[in-house]
Protein chains: 2
Amino acid sequence: MEKQVISDTSLRCFAGYALKRAFNSVQADVNATLAPLGLRMLSFSALAVIAENPGLRQSQLAGALSIERPNLVIVLDDLEQRGLIVRDRVPSDRRAYALRLTDDGGRVYQLAASAVQAHDARMTSGLSKVERLAMIDALRRIETANTKEQPDG
Amino acid sequence: MEKQVISDTSLRCFAGYALKRAFNSVQADVNATLAPLGLRMLSFSALAVIAENPGLRQSQLAGALSIERPNLVIVLDDLEQRGLIVRDRVPSDRRAYALRLTDDGGRVYQLAASAVQAHDARMTSGLSKVERLAMIDALRRIETANTKEQPDG
DNA sequence: TATTGTTATACTCTATAACTATA
DNA sequence: TATAGTTATAGAGTATAACAATA
């Protein structure tokens, strides 16, 4: 019956801890939102960048998403097998693929983008517009500060 | 030579995407900070909550950290084997363990807390105090809004 | 030599089901 | 029956090394 309250004051003052908890809670929910379309957060992000930059290469996409090239391969394999994207050979460089959405891929992306936008609005419904934008800006600055911390290893 | 710039404007407006990128960049760096002490972000968090709530049980710790009980076991096994924590039997309930830090555990935790605090300050060095606190508060509200979204499944 | 995409592999985090020993 | 801790297992994300084809 001892319903002792557990405190975590010392952790709560760390931005990194707040970041982890918020991300964990959001990640599962975004994936649940995208599941009906057969997408995950990562595959949706890939579709978005391809939609915005048709003809880009896999290594460029990996760079834009800040993931390693090998991790992108299975994501693109899946999207390609389902007919959502196409890997076109690049005539000028036969090692590379130019990525673009198919018509189906474009439609699925539009549906997914709407779903994600609605989810994002719901997720940040406790914040004002200003607070929401300030948070996104702060997150970007944290990301930048962190990645440029190790300039040359 | 085509150093084409890849845009991700459509993704950048999603708070969830900013969250993911910031967390990914931070997670690796926190773990690198804690590596010399043989800790990860999760084991450090466990130490912090045990330090703050000596005698708490594993299920209470799991609840405080928002992780499932099974995932905590190996973390505590490791901390116990290294002599940083103790699992005391609870006389009133012989199923449960009361967790506490050893003297060594207390020392390692203090070192780790200093390192994490320094890292956190560096990570948020691009933010003013007000911005930093506002961001942490916003993250907590997002976490809360998201977890209470599914009240009973 | 360097780069593109690929394969293989490993590690971490998270989640669920089922077990044991207690209650 | 219900709970505390455990075991086993699975899925997803991320990372590195090494390879073939091409530059």
Side-chain angles (χ1 to χ4, degrees), chain A residues 1-4 17 19-21 23-32 34-35 38-46 56-63 65-78 80 85 87-99 147 150 153, chain B residues 1-4 16-17 19-21 23-32 34-35 38-46 55-63 65-78 80 85 87-99 147 150 153:
Chain A
M1 277 307 179
E2 25 182 324
K3 209 53 181 163
Q4 183 189 346
Y17 186 70
L19 201 48
K20 176 191 174 138
R21 295 191 61 120
F23 172 68
N24 272 16
S25 129
V26 162
Q27 160 106 305
D29 205 57
V30 172
N31 286 334
L34 287 170
L39 295 175
R40 314 264 314 166
M41 200 171 179
L42 182 55
S43 46
F44 167 73
S45 304
L56 89 168
R57 302 180 182 185
Q58 292 187 197
S59 50
Q60 291 176 311
L61 177 54
L65 297 174
S66 286
I67 66 173
E68 297 301 315
R69 272 72 73 215
N71 297 325
L72 193 55
V73 175
I74 52 169
V75 173
L76 296 181
D77 283 350
D78 175 61
E80 187 185 36
I85 66 162
R87 286 195 248 223
D88 289 325
R89 275 289 180 197
V90 176
S92 60
D93 185 345
R94 285 167 51 201
R95 298 171 300 182
Y97 289 114
L99 303 173
T147 32
Q150 304 102 326
Chain B
M1 279 306 178
E2 25 182 322
K3 209 51 178 164
Q4 182 189 344
Y17 186 70
L19 201 48
K20 176 190 176 141
R21 295 190 61 120
F23 172 68
N24 271 18
S25 130
V26 162
Q27 158 106 308
D29 205 56
V30 171
N31 285 334
L34 288 169
L39 295 174
R40 313 266 313 167
M41 199 171 180
L42 182 55
S43 46
F44 167 74
S45 305
L56 89 168
R57 303 178 181 187
Q58 291 187 197
S59 50
Q60 291 176 312
L61 177 54
L65 297 174
S66 286
I67 66 172
E68 297 302 316
R69 271 72 74 214
N71 297 325
L72 192 55
V73 175
I74 52 168
V75 174
L76 297 181
D77 284 349
D78 175 61
E80 187 184 37
I85 67 163
R87 286 195 248 221
D88 289 325
R89 274 288 179 200
V90 176
S92 61
D93 185 344
R94 286 166 51 202
R95 296 170 301 181
Y97 290 115
L99 303 173
T147 33
Q150 305 103 326

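Atom set for the values below is all heavy atoms of this structure, side chains included, hydrogens, waters and symmetry mates excluded. Residue numbers start from 1 in every chain, and the chains themselves are labelled A, B, ... in the order their sequence lines are given, proteins ahead of strands.
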Nearest whole angstrom, please: distance from the C1' of D/dA8 to the CG of B/Leu72. 17 Å
Side chain of A/Arg94 - closest among D/dT7, D/dA23, D/dG13: D/dA23
Considering every strand and a 4.0 Å limit on heavy-atom distances, what is the contact class for B/Arg87: base, sugar-phosphate, or nothing? sugar-phosphate
Tell me the closest heavy-atom pair linking B/Gly55 and B/Ala98, and the distance in Å. O-CB, 3.5 Å
So if I take every side-chain heavy atom of A/Pro70 and compare against C/dA17, C/dT7, D/dA23, which nucleotide ends up nearest? C/dT7
Would you classify A/Gln58 as touching base, sugar-phosphate or nothing, given that sugar-phosphate means primed atoms plus P, OP1 and OP2, and contacts are heavy atoms under 4.0 Å? sugar-phosphate
Want to settle it: does B/Arg69 or B/Val75 sit nearer the 5' end of DNA chain C, counting the closest nucleotide to each? B/Val75
Would you say a side-chain N or O of B/Arg95 is under 4.0 Å from OP1 or OP2 of C/dC19? no
Protein-nucleotide distance (B/Leu76, atom CG; D/dG5, atom P), rounded to Å: 9 Å
What's the CD-C1' distance between B/Glu68 and D/dT3, to the nearest Å? 15 Å
Which nucleotide wins on minimum distance to the side chain of A/Gln27, given the candidates D/dG13, C/dT7, D/dT16? D/dG13
Nearest-nucleotide wise, let me know which of B/Met41 and A/Arg89 is further upstream toward the 5' end of DNA chain C. A/Arg89
Atom-to-atom span, OH of A/Tyr17 to C1' of C/dC13 - whole angstrom: 14 Å
Which is more 5' along DNA chain D, the nucleotide nearest B/Ser59 or the one nearest A/Ile74? Just name the residue. B/Ser59
Considering just the side-chain nitrogens and oxygens of A/Arg40, establish if one lies under 4.0 Å of OP1 or OP2 belonging to D/dG13. yes
Rounded to the Å, how far apart are A/Asp88 CG and C/dT4 P? 18 Å
Return the nearest nucleotide to the side chain of B/Tyr97; candidates are D/dG5, C/dT6, C/dT16. D/dG5
Are A/Tyr17 and B/Leu65 close enough that some pair of their side-chain heavy atoms sits under 4.5 Å apart? yes
5' priority, DNA chain D, between B/Lys20 and B/Asp77 [closest heavy atom]: B/Asp77
Are any of A/Asn24's side-chain N or O atoms less than 4.0 Å away from OP1 or OP2 of C/dC13? no
Is B/Val73 close to B/Arg69 at the side-chain level, that is, under 4.5 Å between some pair of heavy atoms? no
A/Asn71 near the nucleic acid: base, sugar-phosphate alone, or nothing, with a heavy-atom cut-off under 4.0 Å? base
So CG of B/Asp29 and CG of B/Leu34: to nearest 0.5 Å the spacing works out to 10.0 Å
Is A/Ile67 touching bases, backbone alone, or none of the nucleic acid, heavy atoms closer than 4.0 Å? sugar-phosphate
So A/Asn31, base contact, sugar-phosphate only, or nothing? Heavy-atom distance under 4.0 Å. nothing
Rounded to whole angstroms, how far apart are CG on B/Leu39 and C1' on C/dT12? 15 Å
Taking the side chain as every heavy atom from C-beta outward, state whether B/Arg57 and B/Leu99 have any pair of such atoms under 4.5 Å apart. no
